[in-house]
Structure formats: C-alpha cells, structure tokens
Amino acid sequence: MLISVINTSKHPLPEYQTAHAAGMDVRANLDEPVTLKPLQRALIPTGLFLEIPVGYEMQVRPRSGLAYKHGIGLVNSPGTIDADYRGELKVLLVNLSDQEFVVQDGERIAQLVVARHETVAWQLVAALSDTARGAGGYGSTGRQ
C-alpha cells in the first residue's frame, strides 16, 4: 500500500522496527524538549502530513516500551486519523507515572497502524438474533 506523505520534520519517515511488526514508529518533531509532569498531557508534533486512502484509517497507538518503562501513554488510544484529514499528525501523550518525563526531539513516541474499515448503514429492527452469550456484559465470560 502506498500512502502519500509530506515530511516537514528533520527525521526519517515512520518505519517498522522488525520484519513482521504491525506498527511503524513515529518520532517527535520538536524545537525544544517537552517536559511532561505526572498526569500532564501534551500534543506532540511529528511534522508529518498524510493522505490516507479512502476505506482506511491510521491508528495511533502507544509504544509499549514507553508505557512500561516510563508510564507514557496516549490519552485517546488508539487515536484515529481519518482519510479526509490533511493536517499535521500530532500525538496526544500523557504521563501516567509519578515522575517527570522529558520528550526529546526525534524520540519514537507512538506507533502507527493502518487498518481497513467499513462504512455502516443502520438497519432498525424489533429484535436481535439469539446467541449463547446473550446480553452478558462486563465480566460475564470470566471467573465467577
């Protein structure tokens, strides 16, 4: 799949780190470091502008290493970039740890995953089909 991209950053395009990775790492494009205090969030620019094909979305997901080692996640995870968005890709990071975290220019801050999606048309009905699960919700299939 080809995706058109404008790269105004000083960093390489997002790339896969291993041969079978689903997500590409995207980097912060900063003029100066950004310090995230505990529970603080910040919108981090990447310098990337994308043209995602119709019928697809770009999902922005946390990096597991940042989450595990530093408590850094995404406020809206996964974030969705729609096919009709043409603005700069920015990543909404949050510091869930009890320590400050400094985001450096060029740091890998998130993963990008491309996913196909369907457009839904609703069909109003009076009843739904029966299943073994039925209306069982949160925790209904786990331990008793």
Under 3.5 Å, side chain of N95 to main-chain N/O of S97, donor-acceptor pair present?
yes

Residues A28 and D105: closest non-hydrogen pair is O-OD1, 3.5 Å

How many angstroms lie between OG1 in T35 and CD in E32, if you round to the nearest 0.5 Å?
9.5 Å

What one should report as the nearest heavy-atom pair of L36 and A42 is CD2-CB, 3.5 Å

Would a 4.5 Å heavy-atom cut-off, applied to side chains only, mark P33 and V103 as touching?
no

Does any N or O in the side chain of S4 come within less than 3.5 Å of the main-chain N or O of E51, such that one atom is a donor and the other an acceptor?
no

Counting distance only, does the side-chain N/O of R41 pair as donor-acceptor with the main-chain N or O of V94 below 3.5 Å?
no

Which side-chain N or O atoms in residues 57-70 pair as donor and acceptor under 3.5 Å with protein atoms at least two apart or in another chain?
{"unit_1": "E57", "atom_1": "OE1", "unit_2": "T80", "atom_2": "OG1", "d": "2.8"}
{"unit_1": "E57", "atom_1": "OE2", "unit_2": "Q59", "atom_2": "NE2", "d": "3.0"}
{"unit_1": "Q59", "atom_1": "OE1", "unit_2": "R61", "atom_2": "NE", "d": "3.0"}
{"unit_1": "Q59", "atom_1": "OE1", "unit_2": "R61", "atom_2": "NH2", "d": "2.4"}
{"unit_1": "R63", "atom_1": "NH1", "unit_2": "R108", "atom_2": "O", "d": "3.3"}

Looking at every heavy atom in both D25 and Q17, which two are closest together, and how far apart are they?
OD2-CG, 3.1 Å

Non-hydrogen side-chain atoms of I52 and D82 separated by less than 4.5 Å:
no

Would you say N29 and K10 are linked by a side-chain donor-acceptor pair, where the criterion is simply a distance under 3.5 Å?
yes

Show me the donor-acceptor pairs within less than 3.5 Å that the side chains of residues 117-132 make with the rest of the protein, sequence neighbours left out.
{"unit_1": "T131", "atom_1": "OG1", "unit_2": "R133", "atom_2": "N", "d": "3.4"}
{"unit_1": "T131", "atom_1": "OG1", "unit_2": "G134", "atom_2": "N", "d": "2.9"}

Evaluate the side-chain proximity of T8 to F49: yes if any heavy-atom separation is below 4.5 Å, no if none is.
yes

Between Y56 and M1, is there a side-chain heavy-atom distance shorter than 4.5 Å?
yes

Rounded to the nearest 0.5 Å, how far does OG1 of T46 lie from CD1 of I44?
10.5 Å

Let me see the working for L74 and L92 under side chain to side chain contact (heavy atoms under 4.5 Å, CB included), right down to the final yes or no.
CA-CA 6 Å; L74 302 182; L92 186 53; 5.9 Å; no

Sequence neighbours left out, what passes side chain to side chain contact (heavy atoms under 4.5 Å, CB included) with N7? Give chain and number order.
S9, L13, L48

Shortest non-hydrogen separation from P38 to E100 and the atoms involved:
CD-N, 4.2 Å

Does any non-hydrogen side-chain atom of R27 lie less than 4.5 Å from one of E15?
yes

Yes or no on side chain to side chain contact (heavy atoms under 4.5 Å, CB included) for I3 and V114, after CA distance, side-chain angles and deciding distance?
CA-CA 10 Å; I3 294 182; V114 177; 3.9 Å; yes

